[in-house]
Amino acid sequence: MKSAVLVFPGSNCDRDLAVAIEQITGRAPEMVWHRDTDLPEGTDLIAVPGGFSYGDYLRSGAMAARSPIMAAVGEAAAKGVPVLGICNGFQVLTEAGLLPGALMRNAGLHFVCRPVRLTVENSQSIFTSRYQAGEQIVIPVAHHDGNYQADVETLDRLEGEGRVAFRYSGEVNGSARNIAGIVNAAGNVLGMMPHPERALEPAHGNSDGRRLFEGLLEAVA
């Protein structure tokens, strides 16, 4: 599998994500700078990492979403290339219009950094095929702006179309309906606030995030 990890000024989880992808696929991803205008030829997976792109100035992800590389990401997503956005990557994808809704300041106005329990809501996507629907897993979060919000019509559509991938099992940050991750209508773009790359092996505390990457590899190999 040929993958690409985007790198923005302020990204601090890009290397963790690259290590995780290489562990699963056996091939190091291409690191793609935000000012590039093209993705590597034959890219099978685009990963948008967590961090603090552009220092989270203006709004989290707002400036990164207007980086030159994002036009190529949008074109690839429209062609069905899987796009995985984690934490700040989720914020970037909503700001770029690849996913609906917005990530707001946490309801408690505090940075939240701890393992959280999630419910897998949809096991039919290419990102969640290695999980069982209704399964409880534990993945760490680390964010200040993870409070997912959208209008009622959008939330109802996400629920009705099975596009809620992960839901917090309890209150974490004020997210509407405890949503932790969603997919786009085509099912090839996932945004999630928890960090699956930080739950890849027993040394991380658990390996519940590993199956997300294994499912992706199976889907695109």
Side-chain angles (χ1 to χ4, degrees), residues 3-18 20-21 29-40 43 45-106 111-112 125 127 139-150 154 158 163 165-166 173 175-176 179-198 212-213 216:
S3 56
V5 174
L6 305 189
V7 183
F8 302 99
S11 294
N12 68 355
C13 301
D14 47 328
R15 293 188 180 184
D16 291 349
L17 189 50
I21 290 172
E30 298 279 344
M31 307 304 284
V32 178
W33 185 234
H34 71 114
R35 293 190 63 82
D36 291 345
T37 55
D38 295 305
L39 292 160
T43 296
L45 168 67
I46 302 164
V48 190
F52 302 89
S53 59
Y54 292 91
D56 277 354
Y57 290 114
L58 185 60
R59 289 187 311 275
S60 297
M63 295 173 73
R66 287 147 184 85
S67 293
I69 192 59
M70 290 306 296
V73 173
E75 291 172 7
K79 294 176 181 176
V81 175
V83 180
L84 169 63
I86 298 170
C87 197
N88 189 235
F90 188 7
Q91 296 158 352
V92 172
L93 295 179
T94 58
E95 291 286 346
L98 294 177
L99 290 170
L103 281 307
M104 311 293 288
R105 187 63 49 90
N106 291 345
F111 192 92
V112 178
S125 78
F127 304 95
I139 305 283
V141 297
H143 59 247
H144 197 265
D145 299 273
N147 179 358
Y148 181 78
Q149 296 295 322
T154 299
L158 291 172
R163 291 168 55 189
F166 301 105
N173 52 29
S175 285
I179 288 173
I182 59 171
V183 295
N184 67 339
N188 66 307
V189 178
L190 169 70
M192 61 187 295
M193 288 310 297
H195 286 262
E197 79 278 18
R198 296 184 185 177
L212 185 148
F213 295 99
L216 268 175

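Hydrogens, waters and symmetry mates are skipped; everything else that's a heavy atom, side chains included, is used.
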For [X] and [Y], which heavy atoms make the closest approach, and how far apart are they?
| X | Y | answer |
| --- | --- | --- |
| L45 | I21 | CD2-CD1, 4.4 Å |
| G61 | D56 | N-OD1, 4.3 Å |
| S175 | G146 | OG-O, 3.0 Å |
| G101 | A150 | CA-CB, 4.0 Å |
| T94 | P100 | CG2-O, 3.8 Å |
| I86 | P194 | CG2-O, 3.4 Å |

* Please identify each residue that fulfils side chain to side chain contact (heavy atoms under 4.5 Å, CB included) with A20, with sequence neighbours left out. => E197, L200, F213
* **Criterion side chain to side chain contact (heavy atoms under 4.5 Å, CB included) on L6 and D14, from CA distance to verdict** => CA-CA 7 Å; L6 305 189; D14 47 328; over 6 Å; no
Side chain [X], main chain [Y], donor-acceptor under 3.5 Å:
| X | Y | result |
| --- | --- | --- |
| Q149 | M104 | no |
| N88 | S53 | yes |
| D38 | A72 | no |
| N184 | L99 | no |
| D145 | S60 | no |

* Would you call L212 and I139 a side-chain contact if the rule is heavy atoms closer than 4.5 Å? -> no
* Using a 4.5 Å cut-off on heavy atoms from C-beta on, say whether the side chain of V32 contacts that of T43. => no
* Any residue meeting side-chain hydrogen bond (donor to acceptor under 3.5 Å, both in side chains) with S125, in chain and number order, not counting sequence neighbours -> T128
Point-to-point distance, once rounded to the nearest 0.5 Å, from [atom1] of [X] to [atom2] of [Y]:
| X | Y | atom1 | atom2 | result |
| --- | --- | --- | --- | --- |
| L103 | C87 | CG | SG | 8.5 Å |
| I46 | L84 | CD1 | CG | 10.5 Å |
| K79 | N188 | NZ | CG | 13.0 Å |
| M193 | N147 | CE | CG | 10.0 Å |

* Asked: Does the pair M70 and V92 meet the rule for a side chain to side chain contact (heavy atoms under 4.5 Å, CB included), with working shown?
  -> CA-CA 9 Å; M70 290 306 296; V92 172; 3.9 Å; yes
* Structure fact -> So the ring-ring contact (aromatic ring centres under 6.0 Å, His included) pairs with at least one residue in residues 49-102 (sequence neighbours excluded) are H34-Y54, F90-Y148
* Evaluate the side chain to side chain contact (heavy atoms under 4.5 Å, CB included) criterion for residues E95 and M63: first the C-alpha distance (whole Å), next the side-chain angles of each, then the deciding distance (0.1 Å), finally the verdict. => CA-CA 9 Å; E95 291 286 346; M63 295 173 73; over 6 Å; no
* **side chain to side chain contact (heavy atoms under 4.5 Å, CB included) between F111 and N106, intermediate numbers included** => CA-CA 7 Å; F111 192 92; N106 291 345; 5.7 Å; no
